[in-house]
Amino acid sequence: QLQLVESGGGLVQAGGSLSLSCAASGRLFNNHATGWFRQAPGKEREFVAVINWNGAVAYYRDSVKSRCTITRDNAKNMVYLQMDSLKPEDTAVYYCAADRTYELPTTVSSYEYWGQGTQVTVSS
C-alpha cells in the first residue's frame with residue numbers, strides 16, 4: 001500500500017500563490033506517476049496536473065497550464081504543486097494521486113492511490 005498525505009492548502013486572495021505538497025510512504029514511490037486533482041462543491045473531481053515517475057515529463061489541464069508547476073523529489077518521496085495567479089474558480093479540495101505506470105494518466109479511474117485532500121480557497 002502507498003499512503004499519500006497532502007498539505008499546504010489554505011485561504012488566499014485572488015492573484016496570490018500556494019504551494020501544495022504530497023508526501024508518500026509505505027512502498028516504492030519512484031515508479032509511480034503522480035497527479036493532482038481537484039473537486040469543487042457540487043462538481044466532479046477533475047484533473048489538474050501529472051508528473052511522470054522520474055519527474056522528466058509533466059502535463060497540465062489547459063486552465064492552469066501557465067499558472068501551475070508540478071515537481072517531484074523522489075529522494076524525499078515528495079510531489080509538489082506550485083500554484084500562482086490563483087483565481088476564485090481554483091477553489092476546491094485538492095487531491096494527490098499515484099499509480100504505478102510510466103504513462104501520464106489524467107483520469108480519476110486511472111489512479112490506485114489517493115490522499116485525503118487539502119482545501120484551497122481563493123477569495124475575490
Side-chain angles (χ1 to χ4, degrees):
Q1 289 291 329
L2 184 68
Q3 289 81 42
L4 303 173
V5 179
E6 304 93 337
S7 62
L11 174 64
V12 63
Q13 289 188 333
S17 298
L18 280 175
S19 181
L20 305 185
S21 299
C22 174
S25 63
R27 63 174 294 166
L28 190 65
F29 179 60
N30 62 7
N31 59 356
H32 287 66
T34 306
W36 286 95
F37 288 74
R38 66 187 181 187
Q39 188 166 18
K43 295 188 177 181
E44 293 186 353
R45 193 169 298 188
E46 66 180 17
F47 165 76
V48 177
V50 59
I51 191 165
N52 78 323
W53 66 279
N54 67 356
V57 184
Y59 180 73
Y60 304 87
R61 73 179 294 112
D62 286 344
S63 62
V64 307
K65 189 178 300 183
S66 62
R67 302 184 293 118
C68 290
T69 304
I70 186 171
T71 57
R72 69 188 297 157
D73 184 342
N74 283 341
K76 297 181 179 179
N77 282 355
M78 296 291 295
V79 173
Y80 308 96
L81 183 68
Q82 175 67 36
M83 302 189 296
D84 301 316
S85 302
L86 283 163
K87 304 176 181 180
E89 52 263 42
D90 294 318
T91 295
V93 177
Y94 282 70
Y95 297 90
C96 174
D99 197 71
R100 188 177 177 183
T101 177
Y102 294 112
E103 299 180 346
L104 292 171
T106 62
T107 59
V108 171
S109 61
S110 298
Y111 287 87
E112 181 174 3
Y113 303 104
W114 291 86
Q116 294 301 305
T118 185
Q119 176 71 48
V120 171
T121 303
V122 184
S123 63
S124 58

What is the minimum heavy-atom distance between [X] and [Y], and which atoms define it?
{"X": "L104", "Y": "N52", "answer": "CD2-N, 3.5 Å"}
{"X": "V120", "Y": "G9", "answer": "CG2-CA, 4.1 Å"}
{"X": "D84", "Y": "S17", "answer": "OD1-OG, 2.8 Å"}
{"X": "S85", "Y": "R67", "answer": "O-NH1, 3.1 Å"}
{"X": "W36", "Y": "S21", "answer": "CH2-O, 3.6 Å"}
{"X": "E112", "Y": "D99", "answer": "N-OD1, 3.0 Å"}

Under 6.0 Å from the OH atom of Y59, do we count more than 12 heavy atoms belonging to anything else shown? no
If you draw a 6.0 Å radius around CD in Q3, do more than 12 non-hydrogen atoms from other residues or ligands fall strictly inside? yes
Cluster link [X] to [Y], ILVMFWY, side chain under 4.5 Å:
{"X": "V48", "Y": "Y95", "answer": "no"}
{"X": "F37", "Y": "V50", "answer": "yes"}
{"X": "Y60", "Y": "W53", "answer": "no"}
{"X": "V5", "Y": "L28", "answer": "no"}
{"X": "I51", "Y": "L2", "answer": "yes"}

Side-chain heavy atoms of [X] within contact of [Y], under 4.5 Å:
{"X": "M83", "Y": "L20", "result": "yes"}
{"X": "Y111", "Y": "T34", "result": "no"}
{"X": "W114", "Y": "C96", "result": "no"}
{"X": "Q119", "Y": "T91", "result": "yes"}
{"X": "S25", "Y": "N77", "result": "no"}

Just to verify, what does R100 make a salt bridge (Lys or Arg N to Asp or Glu O under 4.0 Å) with, not counting sequence neighbours? none
Donor-acceptor check, side chain of R61 to backbone of F47, threshold 3.5 angstrom: yes or no? yes
E46 side chain to R38 main-chain N or O, any donor-acceptor pair under 3.5 Å? no
Carboxylate-amine/guanidinium proximity below 4.0 Å for D90 and K87: no
Classify the ring geometry of H32 against F29: parallel below 30°, tilted from 30° to 60°, perpendicular beyond 60°. parallel
